[in-house]
There are 2 protein chains.
Amino acid sequence: MLHTHMQSCRFAFAVHVMAVLANEDRCASSASLAETVNTNPVVIRRLLIDLQNAGLIRTSRGPQGGAVLAKPAKSISLWQIHSAVESREMFGQHPNPPSQDCPVGQGIAKVLGYVERRANRSFSRELQMISLADVVRRLHRA
Amino acid sequence: MLHTHMQSCRFAFAVHVMAVLANEDRCASSASLAETVNTNPVVIRRLLIDLQNAGLIRTSRGPQGGAVLAKPAKSISLWQIHSAVESREMFGQHPNPPSQDCPVGQGIAKVLGYVERRANRSFSRELQMISLADVVRRLHRA
DNA sequence: TGATTTGTAATTGATACGATTACATATTCC
DNA sequence: GGAATATGTAATCGTATCAATTACAAATCA
């Protein structure tokens with residue numbers, strides 16, 4: 001199977017899964033979710049664990065088991081979904097410590113940390129403004 | 001040599017390099033830049049090519065050659081630096097096309113594109129507000 | 001009890017990316 | 001012109017990341 005990913009697609013998968021759950025009144029199994037996302041059920045199950053830990057869904061085992069939303073789509077933001085399943089920083093740090101002989105090398109990490117925090121705040125504020133209900137609305141509109 | 005990178009550190013390297021150039025009145029060689037960043041000169045040279053293509057620096061060959069800023073630090077934003085050296089999207093797409101039998105599978109790509117654009121706009125607006133001169137100011141303050 | 005489902009560990013294959021070596025090309029200075 | 005000093009660039013290596021997959025234990029329900 002060909003892989004074209006240049007980075008994690010967990011957020012894309014998670015939004016997809018959550019949108020399906022929002023349209024569903026009963027439990028959806030990882031097998032059925034995997035089918036619409038077009039991936040392996042285990043990939044979905046690992047995603048469901050993170051979404052569950054974030055309090056966004058509930059899962060149950062056995063026949064008629066699966067996943068359901070833990071609260072209304074209106075009160076779930078894309079930021080909650082993103083931070084539940086995606087852990088990476090906005091941009092990478094120096095892999096090796098910069099030279100301490102250079103004034104820039106000494107202070108750059110702190111400045112980059114400040115930039116990272118600002119970028120992250122801005123990014124999260126934007127995703128907080130989009131709810132799962134908005135996503136579902138846009139899906140139905142198309 | 002140990003690698004701890006979890007994603008591209010090109011932006012961190014680029015901001016570091018640009019800050020050094022902003023403090024320099026003469027050309028800085030890739031060898032000297034590599035020393036303060038603590039990486040290989042070739043890594044720096046590849047970065048310098050991208051920064052040059054974006055019109056942020058000029059390079060020259062031969063003795064006394066190297067890189068200099070192409071314009072004042074005040075008029076260079078971190079967004080210009082970021083988009084010069086970092087090409088990846090904010091988050092990854094589905095690696096395999098979602099099922100077209102499911103209404104969510106049909107429309108999810110378009111919705112995720114919309115989310116991506118909003119997130120990206122917000123992110124870029126924030127980085128546009130920070131100039132290379134701001135970075136240098138924060139470095140001197142420490 | 002047996003079918004169904006989640007939870008989870010281990011492995012595989014592809015890709016990304018910094019680090020490194022090697023060398024061609026351009027520029028300056030004597 | 002020739003030597004020294006730079007950048008430009010191709011090729012390769014090693015490690016990390018990550019989705020995909022197989023296998024199986026644990027839980028749940030009829």
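Nothing here was measured: the structure is a model prediction, and the numbers come from that model. Letters go in sequence order (proteins before strands), and every chain restarts at 1.
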A/Thr59 side chain near C/dG7 phosphate (N/O to OP1/OP2, under 4.0 Å) | yes
Between residues 26-34 of chain A and DNA chain D, which residues have a heavy-atom gap below 4.0 Å?
-> none
Output the residues of residues 11-23 of chain B in contact with DNA chain D, where contact means a heavy atom of the residue under 4.0 Å from an atom of the strand; sort by number or write none.
-> none
Rounded to whole Å, please give me the gap between [atom1] in [X] and [atom2] in [N].
X       : N      : atom1 : atom2 : result
A/Asn96 : D/dT15 : CG    : P     : 14 Å
A/Asn53 : C/dT8  : CG    : C1'   : 13 Å
B/Asn38 : C/dG18 : CG    : P     : 14 Å
A/Asp50 : D/dA19 : CG    : C1'   : 14 Å
B/Ile44 : D/dT7  : CD1   : P     : 10 Å
A/His94 : C/dG18 : NE2   : P     : 12 Å
B/Leu47 : D/dT9  : CG    : C1'   : 15 Å
A/Asn40 : C/dA9  : CG    : C1'   : 14 Å

Scanning both residues in full, the closest heavy-atom pair of B/Cys27 with B/Ser60 reads SG-OG, 3.8 Å
Whether each nucleotide of nucleotides 22-30 of chain C has a protein heavy atom under 4.0 Å at its base (B), only at its sugar-phosphate (S) or at neither (-) is summarised, 5' to 3', as B--BSBB--
One should read off an interatomic distance between A/Ser122 OG and B/Met129 CE, to the nearest 0.5 angstrom, of 9.0 Å
Pairwise side-chain contact, [X] with [Y], heavy-atom cut-off 4.5 Å (strictly under):
X        : Y       : answer
A/Val115 : A/Phe91 : yes
A/Ser8   : A/Phe13 : no
B/Leu21  : B/Leu33 : yes

Between D/dT22, C/dT21, C/dA16, which nucleotide gets closest to the side-chain atoms of B/Arg88?
-> C/dA16
Treating Ile, Leu, Val, Met, Phe, Trp and Tyr as nodes and any side-chain heavy-atom pair under 4.5 angstrom as an edge, say whether A/Met90 and A/Tyr114 lie in one connected cluster.
-> yes
Can you give each donor-acceptor pair under 3.5 Å made by side-chain atoms of residues 65-77 of chain A, sequence neighbours left out, with the distance rounded to 0.1 Å?
residue : atom : partner : partner atom : Å
A/Ser75 : OG   : A/Pro72 : O            : 3.0
A/Ser77 : OG   : A/Trp79 : N            : 3.4
A/Ser77 : OG   : A/Gln80 : N            : 3.1

Which donor-acceptor pairs under 3.5 Å do the side chains of residues 43-57 of chain B make with protein atoms, sequence neighbours left out?
residue : atom : partner : partner atom : Å
B/Arg45 : NH1  : B/Ser30 : OG           : 3.0
B/Asp50 : OD2  : B/Arg10 : NH2          : 2.2
B/Gln52 : OE1  : B/Thr59 : OG1          : 3.1
B/Gln52 : NE2  : B/Thr59 : OG1          : 2.9
B/Asn53 : ND2  : B/Ile49 : O            : 3.4

Residues, nucleotides or ligands: over 12 heavy atoms within 6.0 Å of B/Arg26 CZ | no
Quick check: are there more than 12 heavy atoms from other residues, nucleotides or ligands sitting under 6.0 Å from CD of B/Glu35?
-> no
Pick base, sugar-phosphate or nothing for A/Ile49, based on heavy-atom distances below 4.0 Å to the nucleic acid.
-> sugar-phosphate
Mind checking B/Arg46 for me? I need base, sugar-phosphate or nothing, with any heavy atom below 4.0 Å counting as a touch.
-> base
Hits for side chain to side chain donor-acceptor pair (under 3.5 Å) against A/Ser124, two or more places apart or cross-chain, chain-then-number order -> none
Give a yes or no on whether the backbone of B/Pro98 and the side-chain of B/Gln100 come within a donor-acceptor separation of less than 3.5 Å.
-> yes
